[in-house]
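Computation of the quantities below employed the complete heavy-atom set of this structure, encompassing side-chain atoms and omitting hydrogens, waters and symmetry-equivalent molecules. Note that the structure is a prediction, hence the values are computed from the model and not measured.
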Amino acid sequence: MNKRLEFKNAFSDIFMFDNGTEVKEFQVMIHANSSRLSFNQQLEAIIGAYNQLLSDELQGASAVFKRYFLSDAANQADDVIVNDVTDCAKSIIEQPPLDGTKIALWVYLMTNVQTGVGKSGLYEVRHGVFRHLWNGSAHNMAANSEYQTRLLFNEYNMQLLEEDCTLEANCIRTWFFVNDVDLNYGGVVRARNQFFFTQGLTVNTHFIASTGIGYAPTHLNRTSDYGVSFERGTYVDYADRRHVFISGTASINNKGEVMYPKDIVKQTQRMWENVEALLKEADCTFEEVSEMVVYLRDIADYGIVKSLYEERFHGKPYVIVHAPVCRPGWLIEMECMAIKKISNPEHAAF
């Protein structure tokens, strides 16, 4: 179910998954609705809308993960940290919302779960025999992107081991946010490839996935064909639901070529087609998609992309941000999560 709600100086789009069990899931995007407000006024509006949702639509739900999208993190992140005291995994990144505001908020919530910080420092969400481990604040200031990535993975791997987990068996997906990605992405790729190899993650096994969706061969080639080590999509089945994670996907064909160079409309449509092909491998459609993050290289494309998304996805939680991706020819890229009701009697209920 999707729903849009209005608040003072803010609005939210909500996706709810409710299959009749005690664990409901919510994905929420909260946006300030006026670019004329100061940052602190926009922050106040977003936190006020979130608190109101917790009292009404989201009553009984606990935050699992939050991500703040900021226009100027150096001058804004401290205010977010001071004003948002929610006990959950938090990610604060500089990816400006392209509606002209200074801040947007994505929140993932569940009902009837136990939450807290685990012994490793990772944030734990538990229900019955199931638990999720989240982290949203890891960073490193080493000399270059390759060294930083290697150190970040080493630290994360040690945290997983403390939780009796391994990268190979238990990590579903990662997010890396890279300054000057056109210059620094190569270092990230080298470090990730090398580290994954040491952990038994190869083209002959899998990358970050418990179960790999694959790569929609009619539309996309394997990422390993051009030397990067991530799955285009992964899913995890529980007793009563399937979680699907689609990695950043752009307008690309099954030979790794950019489709429709310099045409933002056709690139958007091809990107959707590719995402649909990946979702289909998990027996899902856009109906089951619970949230979307959309990255634009050129801020001048915002108006047309916004109109395309509103026409097709009005009320579904999404945010459009400024974030040039790793190949200059890609004008747009999106990632998303989906959730689907299933019946899997081999496992206890989530």
Side-chain angles (χ1 to χ4, degrees), residues 64-70 73-74 76-78 80-81 88-95 106 108 117-125 131-203 205-210 212 223-224 226-234 236 245-248 293 295 321 323-327 333 335 337:
V64 172
F65 172 76
K66 285 185 172 183
R67 176 168 296 154
Y68 282 92
F69 302 90
L70 304 181
Q76 298 163 349
D78 287 347
V80 171
I81 294 169
C88 74
K90 291 178 193 167
S91 172
I92 301 173
I93 59 175
E94 184 171 302
Q95 287 183 338
W106 164 27
Y108 178 28
V117 179
K119 59 185 177 181
S120 66
L122 298 174
Y123 187 77
E124 182 183 71
V125 183
R131 64 177 183 147
H132 289 169
L133 296 169
W134 289 83
N135 192 17
S137 58
H139 62 281
N140 191 277
M141 299 298 291
N144 57 63
S145 62
E146 184 172 352
Y147 192 27
Q148 289 178 17
T149 303
R150 187 177 297 116
L151 292 175
L152 285 168
F153 268 124
N154 284 336
E155 179 183 4
Y156 180 52
N157 196 49
M158 293 302 296
Q159 290 176 303
L160 289 175
L161 291 173
E162 281 191 72
E163 299 287 351
D164 299 318
C165 297
T166 66
L167 193 78
E168 180 184 13
N170 302 107
C171 185
I172 298 169
R173 76 158 299 162
T174 58
W175 283 277
F176 274 89
F177 300 100
V178 185
N179 284 336
D180 299 321
V181 67
D182 292 345
L183 299 175
N184 292 319
Y185 188 60
V188 174
V189 169
R190 287 190 296 274
R192 182 171 57 188
N193 290 351
Q194 292 164 5
F195 187 80
F196 281 6
F197 182 79
T198 68
Q199 302 303 308
L201 297 168
T202 72
V203 295
T205 58
H206 69 280
F207 291 120
I208 293 301
S210 294
T223 58
S224 58
Y226 48 90
V228 295
S229 49
F230 65 90
E231 300 287 3
R232 293 202 182 276
T234 64
V236 179
F245 302 84
I246 303 298
S247 301
V293 180
Y295 305 104
V321 297
V325 294
C326 59
R327 293 175 67 176
E333 181 175 299
E335 64 174 65
M337 294 169 58

J.: Quick check for you: to the nearest 0.5 Å, what is the distance between Arg192 atom CZ and Thr149 atom OG1?
T.: 8.5 Å

J.: Just to verify, what does Gln194 make a side-chain hydrogen bond (donor to acceptor under 3.5 Å, both in side chains) with, not counting sequence neighbours?
T.: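 Residues passing side-chain hydrogen bond (donor to acceptor under 3.5 Å, both in side chains) with Gln194: Arg150.
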
J.: Applying ring-ring contact (aromatic ring centres under 6.0 Å, His included), name anything that partners Tyr68, two or more places apart in sequence or on another chain.
T.: none

J.: Mind checking what makes side-chain hydrogen bond (donor to acceptor under 3.5 Å, both in side chains) contact with Trp106, not counting sequence neighbours?
T.: Gln27

J.: To the nearest 0.5 angstrom, please state how far the CG atom of Asn135 sits from the OH atom of Tyr156.
T.: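 Taking CG in Asn135 and OH in Tyr156, the distance rounds to 7.5 Å.
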
J.: With sequence neighbours left out, write down each residue that passes side-chain hydrogen bond (donor to acceptor under 3.5 Å, both in side chains) with Gln148, or none if nothing qualifies.
T.: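 In terms of side-chain hydrogen bond (donor to acceptor under 3.5 Å, both in side chains), with neighbours along the sequence ignored, Gln148 is linked to no residue.
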
J.: Got a second to check how far Glu146's CD is from Arg190's CZ, nearest 0.5 Å?
T.: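 It comes to 4.5 Å.
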
J.: Does Lys119 reach the main-chain N or O of Glu162 with its side chain, forming a donor-acceptor pair under 3.5 Å?
T.: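 Yes.
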
J.: How long is the straight-line distance from CG of Leu122 back to NE2 of His132, given to the nearest 0.5 Å?
T.: 13.5 Å

J.: Write down the atom of Val64, the atom of Val125, and the distance for their closest heavy-atom approach.
T.: CG1-CG2, 3.6 Å

J.: Does the pair Phe197 and Asn193 meet the rule for a side-chain contact (heavy atoms from CB on, under 4.5 Å), with working shown?
T.: CA-CA 6 Å; Phe197 182 79; Asn193 290 351; over 6 Å; no

J.: Taking side chain to side chain contact (heavy atoms under 4.5 Å, CB included) as the test, write out the residues that go with Gln76, two or more places apart.
T.: Phe39, Leu70, Ser71, Asp72, Lys102

J.: Quick one: are Arg131 and Cys165 in side-chain contact, heavy atoms under 4.5 Å?
T.: yes

J.: Which residue is it: Tyr108, Trp134, Phe65, Tyr123? I am looking for the one with a side-chain contact (heavy atoms from CB on, under 4.5 Å) to Cys88.
T.: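 Checked Tyr108, Trp134, Phe65, Tyr123 against Cys88; only one passes side-chain contact (heavy atoms from CB on, under 4.5 Å): Tyr123.
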
J.: For Asn184, which residues count as a side chain to side chain contact (heavy atoms under 4.5 Å, CB included) partner, sequence neighbours excluded?
T.: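 Result, side chain to side chain contact (heavy atoms under 4.5 Å, CB included) vs Asn184: Ser145, Val178, Asp180.
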
J.: Apply ring-ring contact (aromatic ring centres under 6.0 Å, His included) to Phe195 and list each qualifying residue two or more places apart in sequence or on a separate chain.
T.: Phe153

J.: Among all residues two or more places apart in sequence or in another chain, which pass the side chain to side chain contact (heavy atoms under 4.5 Å, CB included) test with Ile93?
T.: Arg67, Phe69, Ser91, Gln95, Phe177

J.: Identify the heavy atoms of Arg173 and Ile246 that sit nearest to each other, and give their distance.
T.: NH1-O, 3.6 Å

J.: If every non-hydrogen atom of Ile172 is compared with every non-hydrogen atom of Val236, which pair is closest and at what distance?
T.: CD1-CG2, 3.8 Å

J.: With no hydrogens and no angle check, is any side-chain donor or acceptor of Glu94 less than 3.5 Å from a backbone partner on Ala73?
T.: yes

J.: The criterion is salt bridge (charged side-chain N to carboxylate O under 4.0 Å, His left out); which residues satisfy it with Glu155, sequence neighbours excluded?
T.: none

J.: Closest heavy-atom contact between Gly136 and Ala89?
T.: N-CB, 4.3 Å

J.: Quick one: side-chain hydrogen bond (donor to acceptor under 3.5 Å, both in side chains) partners of Tyr295, sequence neighbours excluded?
T.: Glu335

J.: Output all residues satisfying side chain to side chain contact (heavy atoms under 4.5 Å, CB included) with Asn179, sequence neighbours left out; order by chain, then residue number.
T.: none

J.: Roughly how far, to the nearest 0.5 Å, is CG of Leu183 from CG of Asn144?
T.: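 Reported value, rounded in 0.5 Å steps: 12.5 Å.
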
J.: With rounding to the nearest 0.5 angstrom, report the OG1 to CG distance, Thr198 to Asn157.
T.: 7.5 Å

J.: Could you tell me whether a side-chain N or O of Gln159 sits under 3.5 Å from a main-chain N or O of Ser120, the two making a donor and an acceptor?
T.: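 Yes; at least one donor-acceptor contact below 3.5 Å.
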
